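All ligand and atom numbering here is 1-based and tracks the order in the structure. Please read all numbers here as calculations on a predicted model, not as lab measurements.
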Amino acid sequence: MSEEKNKAADSLKAITESKELTDRMGKIKHKIMVLSGKGGVGKSTVAANIAVSLALEGGKVGLLDTDFHGPSIPTLLNLEGKRPGSDGKAILPIEFSEGLKVMSIGFLLQNKDDAVIWRGPMKMKVIKQLRDEPLSVAQLIPGMDGAVIITTPQNLSLNDVKKCINFCRQLSVPVLGVVENMSGLICPNCKTIINVFKTGGGEKMASEMGVPFLGKIPIDPQIVEASDSGKPFVYHYGKTEAAKAFTGVVQPLLQMGDKTESGAETVLSKEEKKEGMHKIAIPVVEGHLSAHFGHCEEFAIFDVDFENKKIVRQEKAPSPPHEPGLLPRWLAEKGVNIIIAGGMGTQAQQLFANSGITVSVGASAGDPEKLIISYMDNALELGDNTCDH
Ligand code: ADP
């Protein structure tokens with residue numbers, strides 16, 4: 001790694017672990033990332049229309065446009081030339097309408113054609129250094145609900161989407177679904193659909209990759225017209241087939257249940273987890289449970305038969321390097337579905353919850369085998385989270 005990248009990684013780590021960021025992000029009930037494998041497939045258009053649709057459904061929505069290479073959200077929502085204010089600590093988003101606030105890298109440019117110049121409380125310069133927008137966003141935003149991936153029906157675009165899905169999997173970001181944009185053209189005269197770039201490839205690919213398919217949005221010349229004049233399409237052309245298609249796409253997003261900060265929604269209930277075979281990991285330092293999850297040397301991993309209250313197998317595995325998103329993946333690949341920890345930050349808890357791993361925090365330092373036995377007997381005492389950051 002170059003020195004610049006090392007520095008960037010350090011600052012990124014500092015930001016990610018900052019309590020302020022975690023606290024603020026914790027107040028947002030759902031966080032959805034919209035991404036695509038390549039440019040020009042309609043990522044910004046779809047993201048803006050999803051945000052407007054969610055706001056129209058009564059949601060309080062924030063749209064963050066981190067596109068470095070041509071942030072188009074200000075144009076799409078007629079917010080060009082707006083300058084965000086500041087409360088001295090943070091940059092404040094622009095209110096587009098009741099229920100929709102917007103922040104875009106475009107607002108931070110001196111003028112539309114400038115390179116990105118950062119001013120003020122620009123911790124985000126890290127993003128600039130890393131350049132890789134989706135990666136930075138996924139790492140900076142704790143507890144992401146998941147990603148919506150935009151594609152067009154052509155094979156080239158579909159191949160890029162497979163990479164996107166794998167990227168999400170590597171970072172333990174759940175894929176909420178794939179949207180096939182520019183899927184057929186509705187003839188402005190006779191209203192029949194002409195399949196310009198084929199159709200259905202997105203749906204087939206989603207099923208092959210085992211991810212949900214959220215719907216197809218047709219090509220509609222009015223989308224271009226609306227976008228160019230800064231009118232949100234779903235609002236101004238609500239009766240069109242394309243607007244109805246957007247409504248279909250947001251339905252599964254509206255169904256997302258309420259979640260607690262620790263992602264309790266995805267966590268198994270106590271009754272469920274105390275049946276059958278389970279794999280439990282305990283972070284260990286000097287032979288005892290490590291009070292700080294991030295500082296452990298190794299993991300003690302136990303195969304446990306809850307019905308017969310027996311430890312069937314145990315192993316020790318050295319902790320892998322602490323890279324963002326790596327531990328949940330590494331433990332999930334080992335088949336671990338329960339972690340007993342001393343202290344763990346809420347962001348890490350969320351990542352594990354997203355990987356289907358239940359975390360019990362607040363166990364006190366002790367011999368891992370004894371902790372497992374107490375756990376099986378429902379006698380494990382859980383105190384305060386010893387390192388909630
Ligand atoms: P990206 O953010 O992926 O680069 P954009 O959202 O900027 O892509 O879309 C690229 C162009 O395609 C824009 O001119 C936009 O108006 C147009 N576009 C996007 N989706 C559609 C659609 N379904 N029908 C017609 N034009 C579309």
Side-chain angles (χ1 to χ4, degrees), residues 32-53 63-80 96 102-107 109 112-113 116 131-134 137 147-154 156-165 167-168 177-189 191-203 213-250:
I32 301 167
M33 174 159 91
V34 177
L35 73 163
S36 64
K38 58 192 289 181
V41 299
K43 176 189 63 190
S44 315
T45 308
V46 176
N49 281 288
I50 287 180
V52 173
S53 302
L63 176 60
L64 173 67
D65 169 22
T66 64
D67 194 335
F68 277 92
H69 305 284
S72 50
I73 295 292
T75 312
L76 285 170
L77 296 178
N78 200 19
L79 297 173
E80 272 187 311
F96 170 74
V102 182
M103 176 51 74
S104 166
I105 287 192
F107 298 148
L109 304 183
K112 211 173 134 201
D113 303 316
V116 176
R131 292 280 169 176
D132 190 338
E133 295 142 28
V137 171
V148 171
I149 303 177
I150 317 300
T151 183
T152 57
Q154 299 104 310
L156 256 180
S157 177
L158 291 172
N159 285 337
D160 282 333
V161 171
K162 287 187 188 164
K163 285 187 209 148
C164 252
I165 294 174
F167 161 85
C168 289
V178 170
V179 175
E180 183 176 295
N181 187 32
M182 308 196 194
S183 178
L185 164 77
I186 299 181
C187 169
N189 300 318
K191 310 285 175 208
T192 51
I193 294 188
I194 306 158
N195 288 324
V196 186
F197 303 133
K198 304 191 286 192
T199 184
E203 190 162 11
F213 183 70
L214 296 176
K216 299 177 198 170
I217 317 264
I219 299 174
D220 184 337
Q222 294 173 112
I223 291 185
V224 184
E225 202 185 301
S227 303
D228 287 353
S229 54
K231 293 183 192 158
F233 175 78
V234 286
Y235 181 70
H236 288 275
Y237 298 87
K239 296 226 163 70
T240 58
E241 286 306 310
K244 286 183 200 150
F246 275 115
T247 309
V249 162
V250 299

What do the steps show when you test T45 against S227 for side-chain hydrogen bond (donor to acceptor under 3.5 Å, both in side chains), and what is the final call?
CA-CA 7 Å; T45 308; S227 303; 4.6 Å; no
Give the C-alpha distance, both sets of side-chain angles, the deciding distance and a yes or no for side-chain contact (heavy atoms from CB on, under 4.5 Å) between F167 and L35.
CA-CA 11 Å; F167 161 85; L35 73 163; 4.1 Å; yes
Please walk me through it: do F246 and V52 pass side-chain contact (heavy atoms from CB on, under 4.5 Å)?
CA-CA 10 Å; F246 275 115; V52 173; over 6 Å; no
Under the side-chain contact (heavy atoms from CB on, under 4.5 Å) rule, what do V250 and I50 come out as? Steps first, then yes or no, please.
CA-CA 6 Å; V250 299; I50 287 180; 3.9 Å; yes
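V224 CG2, 3.3 Å is the protein heavy atom nearest to atom 26 (N) of ligand 1. The closest protein non-hydrogen atom to atom 18 (N) of ligand 1 is M182 CE, 3.8 Å. Taking atom 4 (O) of ligand 1 as the reference point, the nearest protein heavy-atom neighbour is G40 N, 2.8 Å. Of all protein heavy atoms, the one closest to atom 20 (N) of ligand 1 is N181 ND2, 2.9 Å. For atom 8 (O) of ligand 1, the nearest protein heavy atom (residue, atom name, distance) is G42 N, 3.1 Å. D220 O, 3.4 Å is the protein heavy atom nearest to atom 25 (C) of ligand 1. Taking atom 27 (C) of ligand 1 as the reference point, the nearest protein heavy-atom neighbour is I223 CG2, 3.9 Å. Considering only non-hydrogen protein atoms, atom 2 (O) of ligand 1 sits nearest to S44 OG, 2.6 Å.
Distances from atom 13 (C) of ligand 1 to the protein include no heavy-atom value under 4.0 Å.
Side-chain contact check for E80 and T75: at least one donor-acceptor pair (N or O, by modelled atom type) lies under 3.5 Å.
Contact of the D220 side chain with the F233 side chain is registered, since non-hydrogen atoms from C-beta on lie closer than 4.5 Å. In this structure, K43 and D67 have side chains that are in contact, with non-hydrogen atoms separated by less than 4.5 Å.
At a 3.5 angstrom cut-off on N or O pairs, K43 counts as close to ligand 1. At least one N or O atom of V41, backbone or side chain, sits closer than 3.5 Å to an N or O atom of ligand 1.
With hydrogens and angles ignored, the 3.5 Å screen pairs no side-chain donor or acceptor of D65 with any backbone N or O of P71.
Within a 6.0 Å radius of OH in Y235, no more than 12 heavy atoms belonging to other residues, nucleotides or ligands are found.
Annotation for ligand 1: atoms under 4.0 Å from non-hydrogen atoms of T45 are 5 (P), 6 (O), 9 (O), 15 (C), 19 (C). Atoms of ligand 1 lying under 4.0 Å from at least one heavy atom of S227, given by number and element, are 16 (O).
Contact analysis puts P218 in contact with ligand 1, with a non-hydrogen atom separation below 4.0 angstrom.
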